[in-house]
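In what follows, a single structure is set out as structure tokens and then discussed.
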Amino acid sequence: MESPTLEATQVELLNNMASDSEQVVLLGENNTPNEEEINSTLEKTKLGWRVLLVCIFTTLGGVVFGFDTGVIGGVIIADNFRSTMGLPLFEEDTPDSEHTATVLGGAVAILSVGCFVGSPIAGPVADTFGRRLSTGLGALVATGGGALQAAAVTLAELYAGRFLAGFGVGILSAMVPLYNAEIAPASSRGMLVSIQQLAITFGILLAFVCNLAVADIKAGWRISLWLQCASAALLLAGAPFLPETPRYLVMKGKHEEAEQVLTKLRNHSSEDSISHELKSIQDAAREQENQAKVTWKELMQGRRGYRVMIGTIVMTMSQLTGINAIIYYAPIIFESVGIDALKATAVVGIVNFLSTFIAMRAIDRLGRKALLLRGSAGMVTGQILLVVFLFAFRGTTLKGPQYIIAGLVVFFTFCFSWSWGVCGWVFVSEIFALGGRGKAVGLSVSAMWITNTILTFATPPMLASSLDIEGTFLFYAFFTGLGGILVLFLCPETQGMALEQIDDIFKESRSRSQIADVRGSTRTAFLCFCSTEK
């Protein structure tokens with residue numbers, strides 16, 4: 001039997017996801033594919049170099065995020081840092097006292113507290129003053145916070161600097177994926193938004209390498225902290241020159257400016273395809289004319305609330321995988337099994353960075369949901385094997401088991417990087433309606449940061465308690481598996497759909513059974529993809 005063409009498969013899937021009373025843009029008047037319309041739709045999603053460069057530049061915010069996250073693990077074990085802050089020196093074979101662990105856990109976690117406060121504020125600012133201004137604001141605050149940390153001579157100053165930097169990172173963590181999603185063509189949106197995660201992993205890697213490079217310098221930790229200001233300052237300097245997103249401009253009634261921006265961003269597309277995309281944005285904005293004034297209470301009700309629930313679940317579960325137990329406390333974990341902490345952590349950073357390229361390649365081909373599910377399976381496997389080997393070989397001087405333990409940590413990081421590390425940001429940036437999108441993204445990211453904060457405070461006591469490293473990773477393995485189950489039953493696939501088409505899935509008129517039909521189409525979409533690949 002002859003396999004269906006790619007165009008026919010796309011049309012069939014879109015028909016399955018639409019209600020009986022609605023027409024999909026790819027269909028002609030007689031419910032048959034119109035080749036001219038298909039070609040026009042595919043053409044309008046071409047990726048131009050301008051939009052690529054803009055997305056790469058805005059993800060400097062991700063570098064800020066990653067560097068602030070990764071640098072602290074090396075700072076808190078530096079002798080000069082501890083003596084400056086009046087703390088006992090770090091000893092490989094002696095765990096920190098409960099007081100020291102609490103103080104250092106607070107220094108690590110206060111960044112997440114700032115992020116939790118900053119991310120929901122980003123939403124109203126973005127919906128009122130624009131995505132560009134919000135990005136610049138986040139860069140400004142992050143630069144100030146980084147400078148305060150680097151100059152700190154007391155724990156209070158360090159705490160204040162990390163909170164301020166976290167506030168800026170919280171704004172950037174909500175705005176950068178939202179900005180990139182709103183300027184990206186549908187066929188490349190997953191890849192362009194995933195540059196955010198690539199930038200985060202690059203920032204983490206840069207921090208690990210920087211800590212390693214300055215390890216033998218007396219006040220090397222200050223150099224590391226000063227360097228975190230560089231990418232934030234560069235983003236701050238360039239923010240005024242970024243274009244505002246066409247969707248925000250349309251929401252504010254600035255249609256001519258939106259067309260000008262869209263024309264520049266779609267420099268490889270025809271006038272007809274640009275007009276078609278602009279009209280689609282305008283039609284969606286007219287339908288949601290009053291949603292720009294959506295209150296927080298309204299955001300939590302009905303189908304809006306259903307979307308927010310899905311967004312917060314995905315972002316929360318990404319933290320409950322335990323990735324930050326690796327990122328923040330990898331040096332301590334590696335030292336406990338006799339492995340060179342800074343070198344092994346640098347390897348984790350390299351794998352974390354390189355693995356993100358896999359997601360950038362696969363996310364617009366296999367879909368968000370497929371990567372999330374496969375990533376969950378891989379992480380749970382790695383965590384359980386890590387627990388087994390730690391239980392059997394911790395304290396051993398044998399190099400073989402030590403390398404296996406280090407390899408399992410790297411494998412876990414690898415699986416996270418190409419799945420939950422990327423797909424969470426992409427998914428949450430595209431499922432919300434234009435009106436109130438900033439608030440909804442900010443709220444979802446805020447849920448991620450409060451989870452991050454709690455786990456960052458909780459992880460050192462867990463590691464020092466009877467749970468130890470083995471029990472801590474079993475805890476995270478449970479929630480990693482639970483996250484995969486929730487994605488399987490709650491999340492629709494959004495691969496290859498325009499933001500306005502994704503919005504159609506969640507329209508107020510749709511019933512829960514129709515949402516379930518969309519979820520069920522994910523497996524069909526994957527099978528059809530396989531059948532059309534050469």
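Between Ser376 and Trp420, some side-chain heavy-atom pair lies under the 4.5 Å cut-off. Annotation: side chain of Trp449 is not in contact with side chain of Val113 (no heavy-atom distance under 4.5 Å). Within the 4.5 Å cutoff, the side chain of Met360 has heavy atoms near those of the Leu198 side chain.
No hydrogens or angles considered: nothing links the side chains of Trp418 and Thr356 as a donor-acceptor pair under 3.5 Å. In the model, Asn352 has no side-chain atom that pairs as donor or acceptor with a side-chain atom of Thr413 under 3.5 Å.
Taking the charged nitrogens against the carboxylate oxygens, Arg189 and Glu430 do have a contact shorter than 4.0 Å, which makes a salt bridge.
Taking the six-membered ring for Trp and the full ring otherwise, the centers of Tyr159 and Phe163 sit at least 6.0 Å from each other.
Minimum interatomic distance between Met300 and Val308 (heavy atoms only, all atoms of both residues): SD-CG1, 4.0 Å. Taking both residues in full, the closest heavy atoms of Val314 and Cys491 are given as CG2-SG, 3.8 Å, listed atom of the first, atom of the second, then distance.
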*Would Arg131 and Glu182 count as a salt bridge (charged side-chain N to carboxylate O under 4.0 Å, His left out) if you check the C-alpha gap in whole Å, the side-chain angles of each, and the deciding distance to 0.1 Å?*
CA-CA 10 Å; Arg131 282 53 165 147; Glu182 289 196 347; 2.8 Å; yes

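With respect to Gln196, the side chain to side chain contact (heavy atoms under 4.5 Å, CB included) criterion is satisfied by exactly one of Thr58, Val426, Thr201, Val176: Val176.
Remark: Phe202 CZ is loosely packed, at most 12 non-hydrogen atoms of other residues, nucleotides or ligands lying under 6.0 Å away.
Between the CD1 atom of Ile323 and the CG atom of Leu455 there is a distance of 12.5 Å, given to the nearest 0.5 Å.
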